[in-house]
2 protein chains.
Amino acid sequence: MSETRILIVDDHPLFRRGVRQLVEMDPGMTIAGEASNGVESVEAAGQLDLDLILMDLNMANVDGLEALRQMRSNGVDTRIVMLTVSDADDDVVAALRAGADGYLLKDMEPEDLLARIKEAAEGKLVISPQLAAILAGIVSGGRAAPADALSSLTSRELDILRALARGMSNKMIARRLDITEGTVKVHVKNLLKKLGLRSRVEAAVWAVNHEVS
Amino acid sequence: MSETRILIVDDHPLFRRGVRQLVEMDPGMTIAGEASNGVESVEAAGQLDLDLILMDLNMANVDGLEALRQMRSNGVDTRIVMLTVSDADDDVVAALRAGADGYLLKDMEPEDLLARIKEAAEGKLVISPQLAAILAGIVSGGRAAPADALSSLTSRELDILRALARGMSNKMIARRLDITEGTVKVHVKNLLKKLGLRSRVEAAVWAVNHEVS
DNA sequence: GCGTGGCTACCCCCTAAGAGGTAGCCAGAT
DNA sequence: ATCTGGCTACCTCTTAGGGGGTAGCCACGC
């Protein structure tokens with residue numbers, strides 16, 4: 001089998017150069033292309049014959065997560081590993097859920113990083129060890145949101161959450177609580193953020209599972 | 001207090017006449033208007049000064065349920081009682097959820113019907129006794145959908161329901177099951193109908209409560 | 001052979017939902 | 001007296017969701 005062909009996606013030229021140098025230290029891998037934003041990366045993924053994509057998260061003009069999603073919905077089944085500075089729960093979870101095959105932090109030791117990249121190319125799911133705690137929390141909780149997240153909610157947000165757990169729409173909640181639908185939206189938005197969830201459906205399921213009633 | 005002013009909504013002139021005659025046997029009540037379809041009824045509800053609306057379900061040009069919803073979202077707080085032939089679970093549940101103050105079947109004895117209409121005008125929630133079993137089922141289940149509703153789902157619909165119970169979006173489900181988002185929508189639509197639910201949130205909550213996993 | 005149910009996919013159309021932002025009001029803390 | 005957090009309300013913008021319909025394909029039963 002020939003060399004492993006890799007695409008680097010990062011908005012920082014110097015960083016790309018660093019990665020290129022690191023990767024090409026290994027005779028089995030080569031950088032087949034570079035992209036400096038999400039749009040370019042999606043195009044490149046469609047044109048180049050790739051084995052692995054190293055994708056940054058924070059980029060102007062379509063960020064890494066969105067680029068990942070677009071590629072997956074375009075049917076791209078190349079292995080895609082996020083390579084970013086962000087160790088935020090949300091980012092990790094979102095990337096993995098969107099179909100990333102790995103999530104590596106940029107502050108890893110170069111040798112370590114290289115080893116992980118090789119593993120990723122071989123089909124392994126690679127994750128920076130620092131992220132273990134986050135993942136454990138997600139797995140054990142069944143879902144995001146630390147156990148004490150409930151107590152961070154205001155009483156009004158709890159009202160809304162309880163209504164969500166009963167399947168009510170924003171409009172119904174508004175009528176029941178005698179506030180405007182817009183205000184309900186604000187509360188839903190805020191409680192989703194506090195709980196680290198992404199939709200009212202997740203919130204409703206979470207509430208039922210945590211016996212919020 | 002003056003007479004109770006009533007609006008009859010039904011697409012059948014003869015039926016309206018019958019109701020009018022029945023209602024006006026009572027000196028305390030008068031028919032303030034008639035409408036033969038949903039559109040007319042919504043207009044009438046906005047113009048006339050009404051105490052009670054008797055609404056049929058099956059009508060062309062906006063059915064009774066939809067008319068009810070429109071009135072409620074227009075801020076109409078007149079008492080609205082459905083008067084229909086349908087004893088289908090779905091219809092009863094949908095009407096009550098949409099804000100109906102009663103649900104009467106057309107095959108009631110006239111005297112009985114008149115008595116119920118008077119009660120409704122007085123603010124009571126009136127329901128034909130034949131519907132008791134349906135309502136009991138709904139209450140005990142905590143939510144609509146008879147106990148055997150689950151078995152009416154196809155295996156694919158069960159797949160989708162399980163995914164819903166995990167809070168997934170249509171797009172995520174599509175990716176996971178390797179079908180298009182449109183197809184997922186079709187399955188969601190169908191399972192909602194089978195379960196008598198109105199949104200994916202209700203479906204998710206229902207699934208969690210019924211331990212669909 | 002034919003019909004039926006299940007799965008898939010697409011169409012149009014409209015509403016619901018959610019992300020951003022600004023802002024007024026109030027109560028409790030400093 | 002000022003600040004902060006909570007609740008309310010509004011704005012815009014974009015995507016997600018759901019109702020309606022048609023239709024092809026396949027496996028099953030009759």
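Residue numbers start from 1 in every chain, and the chains themselves are labelled A, B, ... in the order their sequence lines are given, proteins ahead of strands.
Atom CG in B:D159 sits roughly 14 Å away from atom P in C:dG6 (whole-Å rounding). If you measure from atom CZ of B:R200 to atom P of C:dA17, you get 12 Å, rounded to the nearest angstrom. To the nearest angstrom, P of D:dC7 lies 9 Å from CG of A:N190. When rounded to the nearest whole Å, the span between CD1 of B:I179 and P of D:dG24 equals 20 Å. The nearest whole Å value for the distance from the NZ atom in B:K185 to the P atom in C:dC14 is 14 Å. Separating the CD atom of B:E181 from the P atom of D:dT15 is a distance of 12 Å, rounded to the nearest angstrom. Taking atom CG on A:L192 and atom C1' on C:dG20, their separation rounds to 14 Å, with Å as the unit. Rounding to whole angstrom units, CD1 of residue B:I160 and P of C:dG6 are separated by 14 Å.
Residues B:V186 and B:S199 each lie close to DNA chain D; by heavy-atom proximity, the contact nearer the 5' end of the strand is made by B:S199. Between B:D178 and A:L164, the residue anchored closer to the 5' end of DNA chain C is B:D178, taking for each the nucleotide with the nearest heavy atom.
Minimum atom distance to the side chain of B:R156 is reached by C:dC7, of the listed C:dA16, C:dC7, D:dC7. Checking D:dG18, D:dT8, C:dC7 against every side-chain atom of B:S155, the shortest atom distance belongs to C:dC7. Distance from the side chain of A:K171 is smallest for C:dA16 among the nucleotides C:dA16, C:dG18, D:dG21. Minimum atom distance to the side chain of A:T180 is reached by D:dA9, of the listed D:dC7, C:dG18, D:dA9. Closest to the A:T154 side chain, of the nucleotides D:dG6, D:dG18, C:dG18, is D:dG6.
Applying the 4.0 Å criterion to OP1 and OP2 of D:dT8, one finds that A:H187 has a side-chain N or O inside that range. The side chain of B:T183 contributes an N or O atom lying less than 4.0 Å from OP1 or OP2 of C:dA9. Phosphate contact (OP1/OP2 of C:dG18, side-chain N/O of A:R198, threshold under 4.0 Å): absent. Between A:N170 and C:dA16 there is no side-chain N or O to OP1 or OP2 distance below 4.0 Å. For the pair A:K189 and C:dA17, the criterion of a side-chain N or O lying under 4.0 Å from OP1 or OP2 is not met.
Counting heavy atoms of neighbouring residues, nucleotides and ligands inside a 6.0 Å radius, atom NZ of B:K118 does not exceed 12 of them.
In this structure, A:R176 does not pair ionically with A:D159, as no charged nitrogen and carboxylate oxygen lie closer than 4.0 Å.
Within 4.0 Å of A:V188, counting heavy atoms only, lie sugar-phosphate atoms of the nucleic acid but no base atom.
Residue B:L191 comes nearest to B:I160 through the heavy atom pair CD2-CG2, 3.4 Å, listed as atom of the first residue, atom of the second, then distance.
Using a 4.5 Å heavy-atom cutoff, the side chains of B:L57 and B:M82 are in contact. The shortest side-chain heavy-atom distance between B:V42 and B:Q47 does not fall under the 4.5 Å cut-off.
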Would B:R16 and B:D56 count as a salt bridge (Lys or Arg N to Asp or Glu O under 4.0 Å) if you check the C-alpha gap in whole Å, the side-chain angles of each, and the deciding distance to 0.1 Å? CA-CA 10 Å; B:R16 293 202 301 271; B:D56 188 25; over 6 Å; no

